[in-house]
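One-based numbering, in listed order, for ligands and for the atoms of each.
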Amino acid sequence: MKKLFTWFIMSAMAISVLADEGMWIPMLLGRNEADMKKAGMRISAKDIYDINNACLKDAILLFNQGCTGEYVSDEGLFLTNHHCGYSYITSHSTVEHDYLTNGFWAMSREEELPCPGLTATRLVRMEDVTAKVLEGVTANTSEGERAAIIESNIQKITAAAMMGTHYKAIIKPFYYGNQYFMYVNEVFTDVRLVGAPPSNIGKFGGDTDNWMWPRHTGDFSMFRVYADKDNKPAPYSADNKPYKPLKHLEISLNGVKEGDFTFVFGYPGTTQRYVTSDHVELTANIENPIRIDLRTIRLKHYNNAMNKSAGQRLKYASKVASIANGWKKWQGETQGINRLKGVEKKKEFEQRFQQWANAKSEYRDVLPKMHEDYEKLRPIEVELTYFSEAVRASDFMGRAKNYRDLANASEKEVAEMVKKLKESNEKYFSDFELHTVVDKAIFVETFLYMWKAGYAPYLGDVKSGDDAEKKLSKIYDESMLNNKEKLQKFLDGYTISKAKKLNDDPALKLYDKAYTLAYDPEKIATYRRTYADIQRLMRSYVKGMMEMQPTVKFFPDANLTLRVAYGHVEGFRPRDGVYYKPYSTLQGIMEKENPDIYDYVVEPKLKRLYNRQDYGRYGVLDPQRPNDGPDMPVGFIATNHTTGGNSGSPVLDADGRLIGLNFDRCWEGTMSDLLFDPDYCRNICLDIRYCLFIIDKFAGAKHLVDEMTLVGGK
Ligand code: ARG
Ligand code: GLU
C-alpha cells in the first residue's frame with residue numbers, strides 16, 4: 001500500500017502543476033484570481049492587467065531583449081538589475097571614470113547618460129489570435145503548408161494591428177503552437193543611465209555568490225525613458241522630455257515576513273516544462289557536463305588575468321560574468337535534476353501517457369517517434385555543443401572566422417571588411433602581449449579537451465596529448481593572424497586574388513576543418529528536420545497531456561512574453577541539517593567582508609553607515625531585540641517561479657506594491673526551467689529598502705527617491 005501511495009504521489013508530481021509553479025498569462029489571470037486571493041493577494045486580476053484602464057502592466061517594461069524593468073516615478077524613471085545595465089555602465093566607464101567600480105549617480109537630468117541601442121518596451125495590449133493564425137489550417141494540412149499559412153496569416157494580422165499607429169506587433173506561439181497570442185508594443189529608444197551603485201555593492205559577492213543564497217548583492221541600476229513632446233517614442237534628442245508612464249509602481253517600506261504573498265511580474269525567457277525524458281537526459285547529463293568542463297578552462301585563464309591588474313579586470317569583467325553565469329547554473333541544474341530523479345520521473349509519466357494514448361490514433365505514436373528523433377538529434381547536438389563551447393572559445397578562432405569571411409568575400413564587399421578588420425586589429429594588438437597569453441592557453445586547452453574526447457579527429461595523426469598540444473601551439477604561433485606587422489601589410493594590399501594566402505593560413509585551415517565537421521550540410525539538414533519534427537510532436541504531446549488531465553491547469557512555457565508568477569516568502573532546506581532563512585541583512589555583508597578578495601570588499605562609506613546603524617527610514621527594528629537598534633534588510637527569497645529574463649522584475653506584495661527586485665534563483669533550484677520543486681525552487685530578490693538606502697543614504701541621491709511614491713514604513 002505504502003509503495004503504491006508513493007508511486008501515486010510521485011507521478012502526480014510529474015504531471016500536475018504544483019503550488020507556486022507557473023508563469024501565467026496576464027490577460028487570463030482571472031483564472032488564477034481565486035487561487036491568488038486564497039494565497040493572500042488583496043488586489044484583483046484587473047488591477048494587474050486591464051485593457052481599458054491603466055494598470056500594473058503599464059508600469060512594466062522589457063529591457064532590451066532579456067531583462068525586465070519597472071517605472072517608479074511619473075517621470076520615466078525605472079529600476080532594473082545592475083547586471084542588466086552592466087554593459088551600459090561598462091561602456092560609459094574608462095580607467096579614469098570607472099563607473100563600474102565606483103558607481104554613477106546623475107545629480108541632474110543633464111548628467112544622465114544616453115545609451116544608444118537600448119530599448120524599453122511597453123506592452124499596450126495582448127490578444128488571443130489562435131483562430132486567425134490557424135485560419136486555413138486543417139487536419140490534412142502538411143507541416144510545410146501549415147508553416148507557410150501561419151507565416152502569411154501572422155503577417156496580415158500584425159500589419160492590421162500596427163496600421164496607423166506607432167506600435168509594433170508580434171505574434172508568438174504558446175504550448176508549441178496550440179495557441180497564439182499577439183503582443184502590441186510601444187518601443188522606446190531614448191533611454192538614459194541615471195544611477196548605478198559601485199560594483200562592490202551592485203555585484204557584491206560577484207560570481208562566487210552568483211546563484212546562491214544567502215545573498216547580499218545590491219543588484220540594481222536606474223534608467224530614465226525619454227519621449228517626444230507627445231509622450232511617444234523617439235530617437236535620442238536633447239529636446240526629448242522624460243516619459244510619463246500611464247502607471248508607476250508604489251513602493252512599500254513595510255517589508256516582508258515569511259509566508260507573505262508575493263508575485264513577480266516580468267519577462268521570463270525560456271522554460272521547457274513539458275519536454276520528454278530524452279531531452280532532460282540530453283541537457284542534464286550529456287550537454288551540461290561538456291559545457292561545464294570547457295567553461296572551467298576558460299574561466300581559469302580569464303580569472304588569472306583579472307587578478308593581475310585593474311585594467312585586465314575591466315577588460316574581461318563582462319565576458320567572464322556571462323561565461324560564469326551559465327557555467328554555474330548548469331551545475332546546479334544537473335545536480336537538481338539528478339537529485340529529483342528527473343529523468344526517471346519523466347519516464348514514469350511517459351508510461352502513463354502511453355497507456356492512455358494507446359487507444360488514440362492521434363497520440364499513439366507521439367512518444368515513440370519523439371524518442372527516435374532524439375536518437376538522431378543527440379550526436380549532432382553534441383557536436384554543435386563542442387563547436388560553440390570549444391571551437392569558438394578563443395578569440396583566435398573567432399578571428400579565424402572573420403578572416404574566413406574575408407577570404408570568401410566578393411570584390412564589392414572587400415573594402416568595407418578590410419576596414420573593419422583593421423579597426424578591430426588596432427584594439428586587438430594594443431595589449432596583444434598580455435591577451436595572447438590568455439587566449440592561446442584557452443585555444444590550446446579547449447581543443448585538447450575536444451581531441452581527447454574524440455571530437456577533433458582533424459588534428460590528424462597526433463599520438464599523445466603532448467603532441468596535440470605542440471601542434472596546436474604551433475598553429476597559434478605560425479598563423480599570420482597573430483603577427484601584427486605581417487597582417488597589417490597583408491591587409492593593406494588585400495584584393496580577392498590574395499584569398500589563397502588566407503586559405504593556407506593554419507588558423508583558417510583548422511577552423512575550416514572544425515566547421516566542416518560540425519556543420520556538414522547533410523547533418524545540419526537532418527538536424528533541422530528532426531528538430532522541426534520534435535516541435536510538431538511536442539504540439540501533439542502537450543495537447544494530449546491536456547486532454548488526459550482535464551482538471552490540471554497548464555501554464556505555457558516562458559517565451560519572453562509578460563507573465564505573472566506568484567508564491568510566498570519562504571526559506572528552504574538546501575541539504576541535510578541546513579535551513580536557510582528567507583532574509584539577509586547588512587550584517588551578512590560585514591560577515592563576508594574580506595579586503596583581500598575582490599568580490600568581498602566593502603565600501604568604507606557603507607561600513608560607516610553600518611557602524612552607526614544609520615539607515616534612515618529604511619532600517620527595521622527586530623521586535624525580539626528592540627534594544628539592538630535597527631537592521632538593514634538586503635535580500636529575501638520566495639517561491640515564485642522565475643527564469644532568465646525575469647531579472648529586474650518587480651516583486652510585489654499583496655497590494656501590488658513594490659517590495660523588491662528579482663535578480664536570481666537559488667542554485668539548488670536551478671532545474672526549475674525543466675522541473676519545478678517547491679521544496680527547493682526559490683527566486684532571489686533585492687529588498688527595495690536596501691536599494692532606496694543605497695540611493696539615498698549611501699549615494700546622497702535623495703532627489704531620485706523624492707521622485708518615487710513611498711508608502712508605509714515608520
Ligand atoms: N545569475 C543571475 C542571472 O542569471 C545573475 C547574473 C549576473 N551576475 C554574475 N555574477 N555573473 O542572470
Ligand atoms: N539573473 C537572471 C536574469 O538575468 C535571473 C535568474 C534566473 O535565471 O532565474 O534574468
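Contact atoms of ligand 1 toward Phe663: 2 (C) (distance under 4.0 Å to a heavy atom of the residue). Taking a cut-off of under 4.0 Å to the non-hydrogen atoms of Gly206, the atoms of ligand 1 that pass are 10 (N). The contact set between ligand 1 and Ala321, taken as ligand atoms under 4.0 Å from a residue heavy atom, comprises 11 (N).
Within the 4.0 Å heavy-atom criterion, neither part of Tyr267 lies near ligand 2. Residue contacts with ligand 1, taken as heavy atom pairs separated by less than 4.0 Å, involve Lys203 solely via side-chain atoms from C-beta onward. With a 4.0 Å cut-off on non-hydrogen atoms, Asn646 touches ligand 2 through its backbone and not its side chain.
Closest approach of Ala390 to Thr446, counting heavy atoms only: O-OG1, 3.6 Å. Scanning both residues, Arg563 and Phe174, for their nearest heavy atoms gives NH2-CE2, 3.2 Å. Closest of all the heavy-atom pairs between His641 and Glu21 is ND1-CG, 3.6 Å.
At least one N or O atom of Gly645, backbone or side chain, sits closer than 3.5 Å to an N or O atom of ligand 2. Between Gly66 and ligand 2, not a single N/O pair is under 3.5 Å apart. Considering backbone and side-chain atoms alike, Asp219 places every N or O at 3.5 Å or more from each N or O of ligand 1.
In summary, Glu445 and Lys300 engage in a salt bridge, as defined by a charged side-chain N under 4.0 Å from a carboxylate O. The pair Lys581-Glu258 does not meet the salt-bridge criterion, since no charged nitrogen lies less than 4.0 angstrom from a carboxylate oxygen. Remark: Asp293 does not engage Arg291 in a salt bridge, criterion side-chain N to carboxylate O under 4.0 Å. A salt bridge is absent between Arg339 and Glu668; no separation between the charged side-chain nitrogens and carboxylate oxygens falls under 4.0 Å. Salt-bridge check for Asp673 with Arg665: passed, with a basic side-chain N closer than 4.0 Å to an acidic carboxylate O.
Tyr243 and Tyr71 have their aromatic ring centers within a separation under 6.0 angstrom.
Counting protein heavy atoms only, atom 8 (O) of ligand 2 is closest to Arg665 NH2, 2.8 Å. In this structure, atom 10 (N) of ligand 1 lies nearest to the protein heavy atom Asp207 OD1, 2.9 Å. The shortest contact between atom 5 (C) of ligand 2 and any protein heavy atom is with Ser647 OG, 3.1 Å. With respect to atom 4 (O) of ligand 1, the closest heavy atom belonging to the protein is Asn325 ND2, 3.0 Å. Atom 2 (C) of ligand 1 has as its closest protein heavy atom Asp664 OD1, 3.2 Å. Protein heavy atom in closest approach to atom 5 (C) of ligand 1: Asn210 OD1, 3.4 Å.
Closest to atom 6 (C) of ligand 2 by heavy atom, among Asp664, Asn683, Thr68, is Asp664.
If you run salt bridge (Lys or Arg N to Asp or Glu O under 4.0 Å) between Asp209 and each of Arg215, Lys203, Lys592, Lys328, only Lys592 comes through.
Under a 4.0 angstrom heavy-atom cut-off, Tyr86 registers as lying outside contact with ligand 1. Taking 4.0 Å as the cut-off, His83 counts as a neighbour of ligand 2 on heavy-atom distance.
One N or O on the side chain of Asp653 and one on the backbone of Gly656 form a donor-acceptor pair closer than 3.5 Å.
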